[in-house]
K.L.:
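Have a look at this one before I ask anything.
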Amino acid sequence: MARGDMERKLAEWLRGRNGTDELSTCALVLAVVLVGLNILLRSFVVSVIALVLMAYAWWRMSSKNLEARENENGVFVESLGPLRPWIRNPAKAMAEARAYKHIKCPECGQRVRVPRGKGKVRITCPKCRHTYEARA
Ligand SMILES: [Zn+2]
């Protein structure tokens, strides 16, 4: 079979299906990490968990119930909180972490992004208007 045929077949198969999203990618990455760890651990339970994670990721990717999968993924992504950018785009999150510092407002806990290396900065909280100083 020619290579173009394979690609066309894959595209056909993917049509109307969920494909990859953050939740499936995370499950797959976790499964691969567990398989790697299991080279040392040689645990039956760990290999079963890895298999279940792979099956779950596969089932999500091939699912045709797009609405349900999108809702699940939304809940998952929300639950990540500050980890979210690291799952979505690690390279971008890394650049972001190098260029900016996130400081919590002492009054309301709102996180504010300030450029790094500016020394002492005066911050006005965008949420509660409280003014405070922090080292960036
Ligand atoms: Zn505040």
Side-chain angles (χ1 to χ4, degrees):
M1 204 181 345
R3 203 166 154 268
D5 267 13
M6 276 295 282
E7 278 168 16
R8 194 169 45 79
K9 282 230 157 72
L10 184 69
E12 247 165 52
W13 184 83
L14 271 172
R15 191 177 305 140
R17 295 183 194 256
N18 196 41
T20 53
D21 56 17
E22 284 85 358
L23 184 48
S24 338
T25 308
C26 236
L28 265 185
V29 169
L30 200 61
V32 169
V33 168
L34 284 179
V35 166
L37 275 178
N38 214 23
I39 292 170
L40 300 170
L41 294 173
R42 298 178 169 277
S43 151
F44 176 70
V45 178
V46 171
S47 58
V48 167
I49 294 171
L51 256 169
V52 168
L53 280 170
M54 276 184 222
Y56 179 62
W58 177 253
W59 171 77
R60 284 192 60 79
M61 286 188 255
S62 55
S63 172
K64 286 185 170 176
N65 189 349
L66 300 188
E67 206 184 334
R69 298 297 86 75
E70 204 177 300
N71 286 337
E72 289 159 8
N73 192 54
V75 169
F76 171 72
V77 167
E78 278 311 306
S79 73
L80 290 172
L83 273 177
R84 191 169 41 195
W86 292 96
I87 303 284
R88 283 214 153 145
N89 190 342
K92 200 178 153 203
M94 185 60 147
E96 171 87 13
R98 280 205 182 140
Y100 298 97
K101 196 172 178 180
H102 292 87
I103 295 167
K104 244 185 185 173
C105 168
E107 285 294 310
C108 69
Q110 169 73 40
R111 291 163 69 83
V112 183
R113 196 179 77 160
V114 290
R116 279 188 189 277
K118 295 274 182 211
K120 216 171 196 181
V121 288
R122 175 171 287 277
I123 301 162
T124 302
C125 174
K127 198 172 162 191
C128 71
R129 314 309 297 169
H130 173 68
T131 321
Y132 55 98
E133 277 185 357
R135 188 157 285 285

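For ligands, and for the atoms within them, numbers begin at 1 and follow the listed sequence. Hydrogens, waters and symmetry mates are skipped; everything else that's a heavy atom, side chains included, is used.
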K.L.:
In the shown structure, where waters are left out, how many protein N, O or S atoms lie under 2.8 Å from the Zn ion (ligand 1)?
P.N.:
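Of the protein's nitrogen, oxygen and sulfur atoms, 4 lie under 2.8 Å from the Zn ion (ligand 1).
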K.L.:
Hydrophobic clustering (ILVMFWY, side-chain heavy atoms < 4.5 Å, transitive) - are Y56 and M54 grouped together?
P.N.:
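Not linked; separate clusters.
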K.L.:
Scan residues 86-105 for pairs that pass salt bridge (Lys or Arg N to Asp or Glu O under 4.0 Å), counting only residues two or more places apart or in two chains.
P.N.:
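Sorted pair list: E22-R88, E96-R113.
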K.L.:
Does R15 come within less than 4.0 Å of E12, counting only side-chain N to carboxylate O?
P.N.:
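No salt bridge links R15 with E12.
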K.L.:
Check side chain to side chain donor-acceptor pair (under 3.5 Å) between E133 and all other residues, then give those that pass, not counting sequence neighbours.
P.N.:
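By the side chain to side chain donor-acceptor pair (under 3.5 Å) rule, E133 matches R122.
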K.L.:
Tell me which donor-acceptor pairs under 3.5 Å the side chains of residues 28-53 have, and how far apart each pair is, sequence neighbours excluded?
P.N.:
unit_1 : atom_1 : unit_2 : atom_2 : d
N38    : OD1    : R42    : N      : 3.3
N38    : OD1    : S43    : N      : 2.7
N38    : ND2    : S43    : O      : 3.0
S43    : OG     : V45    : N      : 3.3
S43    : OG     : V46    : N      : 3.1
S47    : OG     : S43    : O      : 3.4
S47    : OG     : F44    : O      : 2.6

K.L.:
Do the side chains of M61 and L23 join up, straight or via other hydrophobic residues, at under 4.5 Å, putting them in one cluster?
P.N.:
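M61 does not cluster with L23.
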